Amino acid sequence: MFALVDCNNFYVSCERVFDPSLNGRPVVVLSNNDGCFIARSNEAKALGLPMGGPAFKFRETLKKHRVKVFSANFTLYGDISSRVMETLANLAPEIEIYSIDEAFLDMTGFGRFGFSEYGATIRKTVTKHTGIQVCIGMGPTKTLAKAANRLAKKKPRYNGVCLLANEQEIQAALASLKVEDIWGIGRQWSALLQARGINTALDFSRASSTWIRQHLHITGARILEELNGRSCIPLEQVRPPKQSICTSRSFGRSVVEFEELQQAVATFAGKCATKLRKEGSVASTLTVFICTSPFNEPSLKYWGTRTVALRQPSQDTIEIIRAANQVLTAIFKAGFEYKKAGVIVAGIASTTVSASPLSLFPDEAAELTNERQQKFMLVMDKINRQYGNGTIHTGAENSERWKPQQANLSPHYTTKWGEIIEVRGPHQYSS
DNA sequence: TCTGGGGTCCTAGGACCC
DNA sequence: TCTGGGGTCCTAGGACCC
């Protein structure tokens, strides 16, 4: 038996924990650059504000209904998330952290407490420890637990916990689930399925496995099995090492100058190097991409990207920035208004298993430099850990000019002393 | 005027090996 | 006119997830 625990309207809930006056009011959280809706309270959903909808198109509604709008505060959400996960890990020994607001739990052996009863206990405990509300779905496979979770969220009669334990419950649940709402079925595939008369999850579960295998490949075949109660997507308790690391941003405004793009790309490359060191990994390839707005007319559109091999697998900020700069120089075209850029490092290997190949012609001077570079990076990371990110950085990195817009950022309530005090104010302590 | 960021898995096809 | 069988590795592109 699997359980899927999913936080309700997670980013909005995080904001509400620190400002309960927002309860009952419509609240939305925007993506970087205050672009799209990425979280909505139930009240905001009821106003018809769609997930992913661009905020500027709904200015009227936001104003008219006095919707509280937040810029994304990922530092806060990440910290609250880790508290939720910690609570869950104490309630069930086997847990897979699936996303910032979701976790799968292995419920094997918990039947003796009653699955639904234990689900209710989990719900209560998480709210008590963190202030975050969750819904829980349970079923014999991860895909069915996902479906159950959807029901738990949608239908009040479940009280936030939906258990699919027997054949009848499962069939009824699948009949009420639209095919596009199955976990793993996106837009393209649901169109394909609907064209074939497969409209519900129940239809899907009874579809021809040959046809599914042919058109939806192995991924679809697994879903079919899982809907029929045969588990084939296992719980992944340890996160496998990342295969690629990406740092990309849309710019707060158009960027035209090469030098400015250069600073942005250097900053992303530096961030990738920091992430690599945090993972204990080295990368062997590097990709840089730059692009104009996808909403431009075709003649004003440009998408430039190139991948190169690094001279040797690396996690060195300076090395990676240098390589990224070379790629940028090669793909940059003057005369375009750039809106976004990014750096991706891949071909990742762990530093701990000494997977990086040795040089056939070792260069002692270079080795010495490498060693010094590594020590330098250690010092840099240590300073930034202790005094805050960005305390020390290379001259090439600069995030001032292209910085994303964040007009309505809430304080970093749980991660910066200064911002906690700023909000609460010393006078409140007396009461 | 203004439209996010960070990932994974799978397949097909090309280039290569013996 | 006729031209094997069994592989690996890599990349691009397309699908999906939150």
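To find a chain, count down the sequence lines: A is the first, B the second, and so on, and within it residues start at 1. What you see is a predicted model, and the numbers here were worked out from it, not measured in a lab.
In Lys278(A), the NZ atom is not crowded: 12 or fewer heavy atoms of neighbouring residues, nucleotides or ligands sit closer than 6.0 Å. Sparse packing is recorded around CD of Glu337(A), with 12 or fewer heavy atoms of other residues, nucleotides or ligands lying under 6.0 Å away. Atom CD of Gln194(A) has more than 12 heavy atoms from other residues, nucleotides or ligands within 6.0 Å.
Residues from residues 69-102 of chain A with heavy atoms under 4.0 angstrom of DNA chain C, sorted by number: Tyr98(A), Ser99(A), Asp101(A), Glu102(A).
Protein chain A touches strand DNA chain B; the 5'-most and 3'-most nucleotides with an atom under 4.0 angstrom of its non-hydrogen atoms are dC2(B) to dT11(B).
Residue Lys57(A) is classed as a base contact, given a heavy-atom separation below 4.0 Å to a base. Leu30(A) comes within 4.0 angstrom of nothing in the nucleic acid, heavy atoms only. If you check every strand for non-hydrogen atoms under 4.0 Å, Thr307(A) touches nothing. Arg306(A) comes within 4.0 angstrom of nothing in the nucleic acid, heavy atoms only. When heavy atoms are screened at a 4.0 angstrom cut-off, Arg253(A) is found touching no nucleic acid atom at all. Note on Lys146(A): only backbone sugar-phosphate atoms sit closer than 4.0 angstrom, heavy atoms only; bases stay farther off. If you check every strand for non-hydrogen atoms under 4.0 Å, Gln405(A) touches nothing. Ser244(A) comes within 4.0 angstrom of sugar-phosphate atoms only, judged by non-hydrogen atoms across all strands, and of no base.
DNA chain B is contacted by both Cys36(A) and His217(A); Cys36(A) maps to the nucleotide lying nearer its 5′ end (nearest heavy atom per residue). Taking for each of Lys275(A) and Ile218(A) the nucleotide of DNA chain B with the nearest heavy atom, the 5'-most of the two is the partner of Lys275(A).
Side-chain atoms of Leu216(A) and Ile185(A), non-hydrogen and from C-beta on, do get closer than 4.5 Å to each other.
Checking side-chain atoms of Gln406(A) against main-chain N and O of Asn32(A) turns up no donor-acceptor pair under 3.5 Å. In terms of modelled atom types and a separation under 3.5 Å, the side chain of Lys142(A) and the main chain of Pro234(A) share a donor-acceptor contact.
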Does the side chain to side chain contact (heavy atoms under 4.5 Å, CB included) test come out yes or no for Leu105(A) and Ile122(A), once each step is laid out? CA-CA 11 Å; Leu105(A) 310 179; Ile122(A) 294 175; 3.8 Å; yes
If you apply the rule side chain to side chain contact (heavy atoms under 4.5 Å, CB included), what do you find for Tyr302(A) with Ile290(A), and how did you get there? CA-CA 8 Å; Tyr302(A) 173 61; Ile290(A) 51 176; 4.2 Å; yes
Pairs counted only when both distances fall under 3.5 Å, Watson-Crick or G-U: show me the 5' to 3' dot-bracket for DNA chain B, [ ] for pseudoknotted crossings and | for other-strand partners. ....||||||||||||||
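Aromatic ring pairs are classed by plane angle as parallel below 30°, tilted from 30° to 60° and perpendicular above 60°; the pair Tyr11(A) and Phe74(A) is perpendicular.
Across every non-hydrogen atom of Ala55(A) and Leu30(A), the tightest pair is CB-CD2, 3.9 Å.
Of the C1' atoms belonging to dG4(B) and dC17(C), the separation is 15 Å, rounded to the nearest Å.
Taking the six-membered ring where the residue is Trp, the centroids of Phe2(A) and Phe104(A) are separated by 6.0 Å or more.
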